[in-house]
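Quick notes on the structure that follows.
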Amino acid sequence: LGVGSAGAVQVDLSSLRQWREARSSYSYPTLLSHYNLHQLDATVQGLPSGSFQTSEREAAGRLLHLWEWRRQRPETAFNDLTTVLWAM
């Protein structure tokens, strides 16, 4: 995406949010998996302002990824694992 210089990314360490989730694994749907999630706010210079695409080579050819910006989902506060398990 053209964001190569070290100064192009500024991370706000005070924005750290952590929470836990328990849900069925995407790869093994019957396996209950626990995820420790961390989220930080960052400002990245040089990103495209609209939709864009990237591609990567695979054995069968090229894999094309289409990207677009969306509004951030509502804030997620840290949840005790017990609370998350009961919510499922």
Side-chain angles (χ1 to χ4, degrees):
L1 297 177
V3 184
S5 67
V9 179
Q10 296 176 345
V11 177
D12 178 5
L13 296 176
S14 69
S15 70
L16 176 64
R17 289 178 289 285
Q18 301 177 30
W19 69 99
R20 298 176 185 157
E21 292 181 3
R23 62 178 180 259
S24 292
S25 167
Y26 293 123
S27 302
Y28 302 94
T30 58
L31 177 65
L32 181 62
S33 299
H34 300 269
Y35 299 90
N36 293 317
L37 302 165
H38 302 79
Q39 179 179 344
L40 288 163
D41 293 334
T43 301
V44 182
Q45 297 176 359
L47 290 176
S49 59
S51 298
F52 60 96
Q53 63 187 31
T54 59
S55 64
E56 58 185 288
R57 292 183 184 173
E58 291 198 340
R62 290 182 103 32
L63 180 61
L64 182 66
H65 301 276
L66 303 174
W67 303 88
E68 67 179 17
W69 299 110
R70 296 187 178 180
R71 292 188 183 271
Q72 182 178 1
R73 66 183 188 177
E75 295 282 25
T76 307
F78 180 82
N79 292 314
D80 179 36
L81 185 58
T82 307
T83 305
V84 174
L85 286 171
W86 281 104
M88 293 184 66

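- Through ILVMFWY side-chain contacts below 4.5 Å, L63 is grouped with nothing and stands alone.
- For the pair H38 and L16, the minimum side-chain heavy-atom distance is below 4.5 Å.
- Annotation for Y28: hydrophobic cluster partners, listed by chain and number, are L31 (ILVMFWY side-chain heavy atoms under 4.5 Å, direct or chained).
- In this structure, NE2 in H65 is found 11.0 Å from CD in Q53, a value given to the nearest 0.5 Å.
- The aromatic rings of W67 and F52 sit parallel, their planes meeting at an angle under 30°, below the 60° perpendicular limit.
- Criterion: ILVMFWY side-chain heavy atoms under 4.5 Å apart, direct or through other members. Under it, L47 and L66 are not part of a common hydrophobic cluster.
- Scored by the side-chain contact (heavy atoms from CB on, under 4.5 Å) test, S55 finds R62, L64 as partners (sequence neighbours excluded).
- Listed here is the closest heavy atom pair of L40 and D12: CD2-O, 3.8 Å.
- Annotation: side chain of R17 is in contact with side chain of D41 (closest heavy-atom distance under 4.5 Å).
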